[in-house]
Amino acid sequence: MKRVDGIRAVTYDCWGTLLKDRDWEGAMTLRAGALLDYVELDESAARALLQEAYDRHDEAWKQIETFGPGRMAAYCLESQGIDDDDAIAELTRAFEEASLATGVERVAGALETLTALLDANIRIGLVCDTGFTPGRVVRDLLEEQGLLEHLETTCFSDEVGVPKPGGDIFAKALAGLGARPPEAIHVGDLRRTDISGARDIGMHAARFRGVHDDPTDAPEAEIVLDRHEQLLEVLGLV
């Protein structure tokens with residue numbers, strides 16, 4: 001495996017890299033149920049409307065823009081003629097917190113690798129795109145899984161205002177870690193956002209495929225990891 005020297009900082013993606021949903025479909029069912037508290041639709045129509053809102057989020061994400069849970073909640077309710085601010089706020093919170101109810105799992109090897117990096121005086125940060133689940137909730141999930149205390153800085157697209165592959169979110173993380181791009185490596189599962197974004201700002205990039213093997217034809221990373229622990233080999237720490 002390729003060796004990379006001179007690395008002072010590592011940034012990680014979150015979903016599909018450090019964490020994975022325990023029950024994504026269950027979380028979506030909870031969101032659809034919350035929506036049904038406000039609209040006169042059957043369950044199938046509510047799920048379709050929820051998916052339509054998420055598709056809007058996905059389209060914005062591909063344009064390097066944000067369309068978070070608040071805008072998704074507003075989209076769902078306003079499409080049914082509801083523009084009450086309190087209702088939108090309540091539905092937004094239900095959308096945001098569904099993953100707290102269904103839970104997440106820590107990806108195998110993540111905690112051990114973060115611990116080894118810290119022991120080697122490598123600074124660690126998070127660069128995370130958010131959808132239904134905002135940064136404030138993801139921090140709780142990371143803490144629950146014993147990962148948050150290992151992250152010196154956490155940068156979320158809903159807080160920074162731009163998702164990956166936009167350079168601002170990577171630059172903010174690097175500033176928090178006191179590292180220049182050539183001194184840092186980003187680890188994530190998606191070629192378009194994680195790999196291209198890191199490369200564009202001048203960082204090294206490693207694609208993690210231990211959870212999700214990105215099949216797209218976007219440019220490949222210089223390093224591909226099947227296990228988190230392999231990063232320690234890349235950095236010459238084992």
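Quick note: residue numbers are just sequence positions, from 1.
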(message) Nearest 0.5 Å, please: how far is CZ in R22 from CG in L141?
(response) 10.0 Å
(message) Are M203 and L174 packed together at the side-chain level, in the sense that at least one heavy-atom pair is separated by less than 4.5 angstrom?
(response) yes
Which pairs of donor and acceptor atoms, one on a side chain in residues 9-16, lie under 3.5 Å apart (sequence neighbours left out)?
| unit_1 | atom_1 | unit_2 | atom_2 | d |
| --- | --- | --- | --- | --- |
| T11 | OG1 | H186 | ND1 | 2.8 |
| D13 | OD1 | K164 | NZ | 2.9 |
| D13 | OD2 | T17 | OG1 | 2.8 |

(request) Could you walk me through whether D58 and K62 pass the salt bridge (Lys or Arg N to Asp or Glu O under 4.0 Å) test, one step at a time? (result) CA-CA 6 Å; D58 195 55; K62 290 173 181 175; 3.2 Å; yes
(request) Search all heavy atoms of W61 against all heavy atoms of P163 and return the closest pair with its distance. (result) CD1-CB, 3.7 Å
(message) Against R93, only a single residue in E97, E90, E96 fulfils salt bridge (charged side-chain N to carboxylate O under 4.0 Å, His left out); can you say which?
(response) E97
(message) For the CD atom of Q145 and the CG atom of L19, what is their distance to the nearest 0.5 Å?
(response) 6.5 Å
(message) With heavy-atom distances below 4.5 Å as the criterion, would you say the side chains of L231 and I185 are in contact?
(response) yes
(request) For side chain to side chain contact (heavy atoms under 4.5 Å, CB included), just list the numbers for T113 and L232, CA-CA rounded to whole Å, side-chain angles, deciding distance to a tenth of an Å, and then say yes or no. (result) CA-CA 7 Å; T113 301; L232 304 177; 4.1 Å; yes
(request) Check whether F67 and V162 end up in the same hydrophobic cluster, where Ile, Leu, Val, Met, Phe, Trp and Tyr are linked by side-chain heavy atoms less than 4.5 Å apart. (result) no
(message) What I want to find out is whether D226 reaches R209 closely enough, with some N-O distance under 4.0 Å, to be called a salt bridge.
(response) yes
(message) Can you confirm whether D42 is buried at CG, in the sense that more than 12 heavy atoms of other residues, nucleotides or ligands lie under 6.0 Å from that atom?
(response) yes
(request) Report the distance from atom CG of L118 to atom CD1 of I122, rounding to the nearest 0.5 Å. (result) 9.5 Å
(request) Show the numbers, then the answer: is there a side chain to side chain contact (heavy atoms under 4.5 Å, CB included) between I7 and H204? (result) CA-CA 9 Å; I7 295 299; H204 298 275; 3.6 Å; yes
(message) Assess the residue pair R207 and D213 against the criterion (side chain to side chain contact (heavy atoms under 4.5 Å, CB included)); give the C-alpha distance rounded to whole Å, side-chain angles, the decisive distance to 0.1 Å, and a yes or no.
(response) CA-CA 9 Å; R207 183 168 70 87; D213 192 357; 2.8 Å; yes
(message) Can a donor-acceptor pair be found, under 3.5 Å and without considering hydrogens, that links the side chain of R123 to the backbone of L177?
(response) yes
(message) Test of understanding: clusters of I, L, V, M, F, W, Y form through side-chain heavy atoms closer than 4.5 Å, transitively. Do M28 and V138 belong to the same one?
(response) no
(message) Quick test of your reading: applying salt bridge (Lys or Arg N to Asp or Glu O under 4.0 Å), list the pairs with at least one residue in residues 45-56, sequence neighbours left out, ordered by first then second residue.
(response) E25-R47
(request) Determine the minimum heavy-atom distance between L36 and E43, stating which atoms define it. (result) CD1-CA, 4.1 Å
(message) With rounding to the nearest 0.5 angstrom, report the CG to CD1 distance, L117 to I124.
(response) 4.5 Å
(request) Compare all side-chain heavy atoms of E233 with those of R227 and state whether any distance is below 4.5 angstrom. (result) yes
(message) Give me the atom names and distance for the closest heavy-atom approach of G109 to H228.
(response) O-CB, 3.5 Å
(message) Is there a path of hydrophobic side-chain contacts, each under 4.5 Å between heavy atoms, that joins L151 and V160?
(response) no
(message) I'd like to know if the side chain of D21 and the backbone of W24 have a donor-acceptor N/O pair within less than 3.5 Å.
(response) no
(message) I'd like to check M1 versus V224 (side-chain heavy atoms, cut-off strictly below 4.5 Å). Are they in contact?
(response) no
(request) Establish, from distance only, whether the side-chain atoms of S157 and T66 form a donor-acceptor pair under 3.5 Å. (result) no
(request) Of all the heavy-atom pairs spanning A173 and V127, show the shortest one and how long it is. (result) CB-CG2, 3.6 Å
(message) Could you check whether any side-chain heavy atom of L18 comes within less than 4.5 Å of a side-chain heavy atom of R106, counting everything from C-beta outward?
(response) no
(request) Find the distance between CD1 (I64) and CD1 (I169) and round it off to the nearest 0.5 Å. (result) 11.5 Å
(message) Grouping I, L, V, M, F, W and Y whenever their side-chain heavy atoms are under 4.5 Å apart, do V211 and L142 come out in a common cluster?
(response) yes
(request) Answer yes if M72 and L41 sit in the same cluster of Ile, Leu, Val, Met, Phe, Trp and Tyr residues linked by side chain heavy atoms under 4.5 Å apart, and no otherwise. (result) yes
(message) For the backbone of G178 and the side chain of R8, can you confirm whether one donor and one acceptor N or O come within less than 3.5 Å of each other?
(response) yes
(message) I need the Q80 CD to Y75 OH distance, nearest 0.5 Å.
(response) 10.0 Å
(message) Looking at G135, is its backbone amide N or carbonyl O close enough to the side chain of D158 to form a donor-acceptor pair, meaning the two atoms are under 3.5 Å apart?
(response) yes
(message) Show the nearest heavy-atom pair for residues I201 and G167, with the distance to one decimal.
(response) CD1-O, 3.5 Å
(request) Report yes or no: do R192 and T216 form a side-chain donor-acceptor pair below 3.5 Å? (result) no
(message) Check this for me: does any side-chain nitrogen of one of R71 and E78 sit under 4.0 Å from a carboxylate oxygen of the other?
(response) no
(request) State, with a plain yes or no, whether a side-chain heavy atom of L49 is found less than 4.5 Å away from one of L35. (result) yes
(message) Are the side chains of V187 and D194 in contact, using a 4.5 Å heavy-atom criterion?
(response) no
(request) May I ask you to decide whether D140 forms a salt bridge with R136, counting only side-chain N to carboxylate O separations under 4.0 Å? (result) no
(request) Could you list the residues that satisfy ring-ring contact (aromatic ring centres under 6.0 Å, His included) with F132, not counting sequence neighbours? (result) Y54, F95
(message) Quick one, T154 and F156 - any side-chain contact, counting heavy atoms below 4.5 Å?
(response) yes
(message) Between S196 (side chain only) and R191 (backbone N and O only), is there a donor and an acceptor less than 3.5 Å apart?
(response) yes
(request) Check the pair R180, E183 against salt bridge (Lys or Arg N to Asp or Glu O under 4.0 Å), reporting the backbone distance first and the verdict last. (result) CA-CA 5 Å; R180 298 182 299 109; E183 300 171 328; 3.4 Å; yes
(request) List the atom of A221, the atom of A205, and the distance in Å for their closest heavy-atom pair. (result) CB-O, 3.7 Å
